[in-house]
*Asks:* 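Can you keep this structure in mind? I'll have questions shortly.
Order of listing sets the numbers, starting from 1, for every ligand and every atom in it. We're numbering straight along the sequence, starting at 1. Given the structure is predicted, the values throughout are model-derived calculations rather than measurements.
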Amino acid sequence: MTEHHSPAVGAGTRIGDGTLAVRAGLPEPVKNEPTMPGPVFAAHFHLPGDVEGPYTYGRDTNPTWTLLEQAIGELEAPGEEVHTIAFPSGMAAVSAVLLSQARTGDTVVLPSDGYQALPLLREQLEAYAIQVRTAPTGDDAQLAVLEGARLLWIETPSNPGLDVCDVRRLVDAAHAGGTLVAVDNTLATPLGQRPLALGADFSVASGTKGLTGHGDVLLGYVVCRDPELAADIRRWRKIVGAIPGPMEAWLAHRSLATIHLRAQRQWANALAVAEALADRDDVSGLRYPGLASDPSHKTAARQMRGFGSVVSFTLPDRAHAERFMAALRLVEDATSFGGVRSTAERRGRWGGDDVPEGFIRFSAGAEDTDDLVADVLRALELAGAGTEA
Ligand SMILES: *Cc1c(COP(=O)(O)O)cnc(C)c1O
């Protein structure tokens, strides 16, 4: 078990991830107060006299965000002083970093195989005369296009292709040239990967996926060490007004208590599904960084603490994939990933990713492993036989 320090249980106490998760962001105990306070719904706060104290106006700060941000910071960088800024969605967090850091004339490096909204963001950056270069995640190909860039954006493992790059290697090269590095940590979650410990300047994620894990809340966050960078991000949130609602922030914090339990089961299920698919004739292009045979496994094993809940693979054609999806009983046909209920989708239906027609992005939930694997194998048999009943 990996151990670390957490302010949640007092300086100098070494605790594991499960303990950290259930205690993350809890306030100091106060007699007769709830152990975990409910959401604070307030647009403004009592403010007689001078403008001082932490809570003045609800677009700037909110006590429910404070606890959530503390919790996420503890998970992303246990025992360290970091700054966390919560956002109402992953894209709000992604845009906050890119649009607050890049100026007209700057160059930004993005992955060419990253999240499907990145090309939209690229258009926006280019409209501000910010130059954008892209390269694939695999083989650390972004190294070749770093020269003179203001910011390097890394997504590892990439969504949906599940390629992995060597974060430390990219960070060292970027920092040597004065380039900042942000890592999209959505897929791994802070339990699976700690980008700041790998040298990144920003860890950024959608909390909509595995972080909160119930498919009922959208959220995003940025974590960084540098107070000036944190001030840039906070200022961006203030001027754009991209703030999480107190209810969403509270739901997210409540969900964090189970992130370790959920992740353990979901990661084990993902590995079991990947292993069950490994030698089948009807499955090609199988990717899961936790599989010893995966091209990403060596790098992933060095820098990740868990390999995530997402498995990707390709069935022979679109009709075959559609039959597979329709035959699943325990796996919902839905986008997104990281939830306690397994989901999958034929990713090509969105049109935004460079994937084959039969490509399936599969997210393992917290079902019993045997049930989930049996459902997947049964659906594959039916899809292969040309039926979906
Ligand atoms: C979903 C996702 C996002 C965007 O998050 P939202 O909460 O949907 O805005 C960003 N990056 C990755 C890798 C994602 O999977």
Side-chain angles (χ1 to χ4, degrees), residues 68 72 76 84-99 108 110-122 124-125 134 136-138 142 151-165 167 181-190 192-193 195 200 202-223 233 236-237 240 242-245 248-249 251-252 255-256 263 266 270 287 289 296 300 304 307-312 334-339 343-345 347 350 352-355 359 361-364:
L68 172 67
I72 293 172
E76 281 275 348
T84 304
I85 303 99
F87 285 89
S89 70
M91 282 314 296
V94 171
S95 294
V97 173
L98 282 163
L99 296 171
V108 164
L110 300 179
S112 56
D113 52 350
Y115 183 60
Q116 61 166 352
L118 287 183
L120 297 173
L121 196 44
R122 172 186 191 152
Q124 196 61 45
L125 291 165
T134 65
T137 299
Q142 288 176 310
L151 180 78
L152 165 64
W153 191 269
I154 292 175
E155 189 180 305
T156 182
S158 60
N159 170 18
L162 302 182
D163 264 324
V164 168
C165 58
V167 176
V181 180
V183 175
D184 185 325
N185 203 29
T186 302
L187 207 134
T189 81
Q193 179 167 270
F202 298 99
S203 181
V204 187
S206 167
T208 312
K209 318 287 172 52
L211 186 86
T212 58
H214 291 69
D216 55 9
V217 63
L218 284 116
L219 198 91
Y221 66 83
V222 177
V223 184
I233 305 296
W236 181 266
R237 180 174 68 178
V240 174
I243 55 165
E248 283 72 16
L251 271 174
S255 301
L256 286 184
Q266 291 179 236
R287 297 299 304 269
S296 291
M304 298 183 77
F307 301 111
S309 61
V310 181
V311 179
S312 64
T335 195
S336 199
F337 57 84
T343 56
E345 71 173 337
R347 191 64 184 169
W350 291 89
D353 303 297
D354 182 18
V355 293
F359 181 96
R361 189 183 67 186
F362 187 100
S363 172

*Asks:* So, do L219 and L251 sit near enough that their side-chain heavy atoms are less than 4.5 Å apart?
*Replies:* no
*Asks:* Taking side chain to side chain donor-acceptor pair (under 3.5 Å) as the test, write out the residues that go with T84, two or more places apart.
*Replies:*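 Once residues adjacent in sequence are excluded, T84 has no partner under the side chain to side chain donor-acceptor pair (under 3.5 Å) criterion.
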*Asks:* List the protein residues in contact with ligand 1, where contact means a heavy-atom separation under 4.0 angstrom.
*Replies:*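 Residues within 4.0 Å of ligand 1: S89, G90, M91, Y115, E155, N159, D184, T186, S206, T208, K209, L219, F337.
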*Asks:* Would you mind reporting whether L110 and L98 have side-chain heavy atoms less than 4.5 Å apart?
*Replies:* yes
*Asks:* Do other residues, nucleotides or ligands put more than 12 heavy atoms under 6.0 Å from D216 CG?
*Replies:*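 Check passes, neighbour count above 12.
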*Asks:* Hey, could you give me the OG1/NZ distance between T343 and K209, rounded to the nearest 0.5 Å?
*Replies:*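 Interatomic distance, T343 OG1 to K209 NZ, rounded to 0.5 Å: 10.5 Å.
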*Asks:* Please tell me if the side chains of V167 and T156 come closer than 4.5 Å, counting only heavy atoms from C-beta onward.
*Replies:* yes
